[in-house]
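Below you'll find the structure, written out as structure tokens, and then a few comments.
To find a chain, count down the sequence lines: A is the first, B the second, and so on, and within it residues start at 1. What you are looking at is a predicted structure, and each value in this text was computed from that prediction instead of being measured.
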Number of protein chains: 2
Amino acid sequence: MRIGELAERAGTTTRTLRYYESRGLLPARRAVNGYRTYDESDLRLLRQIRTLQDFGFDLEETRPFVECLRAGHPAGDSCPASLAVYRRKLGELDGLIGELQSVRAQVGAQLAQAEAARAGLAAEAEVPGGPEPRCELTPHKSTPHKN
Amino acid sequence: MRIGELAERAGTTTRTLRYYESRGLLPARRAVNGYRTYDESDLRLLRQIRTLQDFGFDLEETRPFVECLRAGHPAGDSCPASLAVYRRKLGELDGLIGELQSVRAQVGAQLAQAEAARAGLAAEAEVPGGPEPRCELTPHKSTPHKN
DNA sequence: GTAATCCTTGACGCCGAGGTCAAGGCAAGG
DNA sequence: CCTTGCCTTGACCTCGGCGTCAAGGATTAC
């Protein structure tokens with residue numbers, strides 16, 4: 001199998017395969033004419049890489065899985081080094097998710113507060129005398145704009 | 001106030017301020033000698049930008065907030081455009097958090113499965129005859145290695 | 001023969017948010 | 001006068017994972 005076919009079967013591009021080879025991840029045999037030659041096991045390696053990439057692993061993190069497969073193990077995650085990557089990744093994910101949830105909460109609070117402020121101003125504008133003092137906001141400044 | 005002082009007071013660098021200016025976010029007046037000159041309101045703008053950046057907003061997303069402040073509003077999020085950015089960001093965050101949780105679950109499952117497989121192999125190796133058939137895994141192939 | 005597809009290597013582009021020189025101007029203290 | 005420390009613009013570097021030419025060789029189809 002040549003590079004174009006492998007790329008198509010893996011749902012990627014030839015550029016990507018050459019890039020992986022340049023990184024030492026997916027070396028290729030060569031035909032007499034210099035063309036890269038691949039077999040089914042290369043397809044398995046490639047699929048392993050792609051799966052992990054889809055999970056957000058970067059290329060270097062896929063290396064233990066690929067080496068594990070090339071060592072003849074039944075799965076890319078049959079080796080301790082791969083499990084270590086899994087665990088590290090879980091930690092990273094948990095940290096990242098936590099951060100994002102914290103940010104989400106803060107942004108949500110900001111939005112709520114800003115919406116409440118706008119609602120307050122709108123109510124004030126509707127009845128120029130100041131309708132019913134809604135909360136503890138000092139209602140004596142009509143609009144804080146500085147036109 | 002000159003650029004170095006503003007940078008220091010905002011906890012950032014002069015390079016960053018010049019970058020913001022190049023993006024049209026934080027224009028500066030100039031002294032006769034060509035030095036950039038800032039005042040307290042610029043510090044407020046800058047702090048608004050930095051806060052949002054810390055939340056993961058990219059520079060373009062901070063623009064409505066900055067313009068809102070420059071328009072004389074009391075807060076960067078006093079304007080509808082800013083609220084729209086908040087809402088869009090909340091949606092993005094929710095989507096991202098969901099994806100990450102999905103990935104986390106999948107990676108966790110992969111890890112659990114791989115650990116179980118290794119435990120199975122270890123147990124098999126310990127008692128070569130096959131101890132108690134732990135699950136439905138066909139126990140007749142000693143080790144699937146291809147040495 | 002030649003056109004159409006493959007393939008090869010090499011090299012530059014992209015994205016965001018700045019970092020890091022380089023070469024030179026301006027102000028103040030000793 | 002000279003040094004020191006701030007400032008100026010300009011231009012290239014970083015990182016990851018490729019995309020996108022460019023120029024040319026190999027194979028197949030007609």
Side-chain angles (χ1 to χ4, degrees), chain A residues 1-39 42 45-66 85 88-89 92 96 99-100 103, chain B residues 1-39 42-43 45-66 85 88-89 92-93 96 103:
Chain A
M1 173 172 27
R2 292 178 308 184
I3 195 171
E5 188 184 345
L6 179 60
E8 198 180 353
R9 289 182 63 184
T12 183
T13 68
T14 61
R15 178 67 180 90
T16 296
L17 300 192
R18 294 198 190 94
Y19 178 64
Y20 289 172
E21 181 173 0
S22 81
R23 307 275 86 196
L25 262 170
L26 195 64
R29 277 115 282 160
R30 296 300 180 120
V32 267
N33 58 9
Y35 287 12
R36 288 172 178 82
T37 306
Y38 303 91
D39 58 22
D42 292 314
L45 297 189
L46 182 49
R47 287 210 226 269
Q48 174 75 79
I49 297 172
R50 295 262 96 199
T51 299
L52 295 175
Q53 288 265 92
D54 289 346
F55 281 166
F57 289 49
D58 57 50
L59 269 189
E60 274 316 305
E61 290 175 323
T62 72
R63 197 180 293 276
F65 296 80
V66 173
V85 174
R88 195 158 49 72
K89 208 67 191 178
E92 283 177 24
L96 187 51
E99 279 181 41
L100 288 177
V103 167
Chain B
M1 173 171 26
R2 292 178 307 182
I3 196 171
E5 188 185 344
L6 178 60
E8 198 180 354
R9 288 182 62 185
T12 182
T13 68
T14 62
R15 178 67 178 91
T16 295
L17 300 191
R18 294 197 190 95
Y19 178 64
Y20 290 172
E21 182 173 2
S22 80
R23 306 276 84 198
L25 262 168
L26 195 63
R29 276 114 284 158
R30 296 299 180 120
V32 268
N33 57 8
Y35 287 13
R36 289 173 178 80
T37 307
Y38 303 91
D39 57 21
D42 292 314
L43 180 57
L45 298 189
L46 182 50
R47 287 211 225 268
Q48 173 76 80
I49 297 173
R50 296 261 95 199
T51 299
L52 295 175
Q53 288 265 93
D54 288 347
F55 281 167
F57 288 49
D58 56 51
L59 269 190
E60 275 316 304
E61 290 175 324
T62 72
R63 197 179 294 276
F65 295 81
V66 174
V85 174
R88 195 158 50 70
K89 209 67 191 175
E92 282 176 25
L93 282 168
L96 188 52
V103 167

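Atom-to-atom, CG of B:D58 to P of C:dC15 comes out at 13 Å; the value is rounded to the nearest Å. Rounded to whole Å, atom P of C:dG18 lies 13 Å from atom CD1 of B:I3. The distance from atom CD of A:E21 to atom C1' of D:dC18 is 15 Å, rounded to the nearest whole Å. Atoms OH (B:Y38) and C1' (D:dC6) sit 14 Å apart, rounded to a whole Å. Remark: P of D:dG5 and CD of B:E5 are 18 Å apart, rounded to the nearest angstrom. Distance B:Y19 OH to D:dT14 C1': 13 Å, rounded to the nearest Å. Atom CG in A:L52 sits about 15 Å away from atom C1' in D:dG17, given to the nearest Å. For the pair B:L17 CG and C:dG18 P, the interatomic distance rounds to 10 Å; values are reported in whole Å.
Taking CZ from B:F65 and OG1 from B:T51, the interatomic distance works out to 10.5 Å, rounded to the nearest 0.5 Å.
A salt bridge links B:D42 with B:R29: the distance from a Lys NZ or Arg NE/NH1/NH2 to an Asp or Glu carboxylate oxygen falls below 4.0 Å.
B:T13 has a side-chain polar atom (N or O) that falls below the 4.0 Å cut-off from OP1 or OP2 of C:dG19. Using a 4.0 Å cut-off, no side-chain N or O of B:R15 falls inside it from OP1 or OP2 of D:dA11. The side chain of A:T16 contributes an N or O atom lying less than 4.0 Å from OP1 or OP2 of D:dG19. Phosphate contact (OP1/OP2 of C:dG18, side-chain N/O of B:Q53, threshold under 4.0 Å): present. Of the side-chain N and O atoms in A:R50, none sit less than 4.0 angstrom from OP1 or OP2 of D:dG17. A close approach under 4.0 Å does not occur between any side-chain nitrogen or oxygen of B:N33 and OP1 or OP2 of C:dG25.
Around CD of B:E5, the count of heavy atoms belonging to other residues, nucleotides or ligands within 6.0 Å exceeds 12.
Nearest-nucleotide assignment on DNA chain C puts the 5′-proximal partner with A:Y35, out of A:R30 and A:Y35.
Within the 4.5 Å cutoff, side-chain heavy atoms of B:Q53 are placed close to those of B:L59.
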Could you walk me through whether B:R18 and B:I3 pass side-chain contact (heavy atoms from CB on, under 4.5 Å), step by step? CA-CA 9 Å; B:R18 294 197 190 95; B:I3 196 171; 3.7 Å; yes

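Among the protein residues, A:R18 comes within range of the nucleic acid bases, having at least one heavy atom under 4.0 Å from a base atom.
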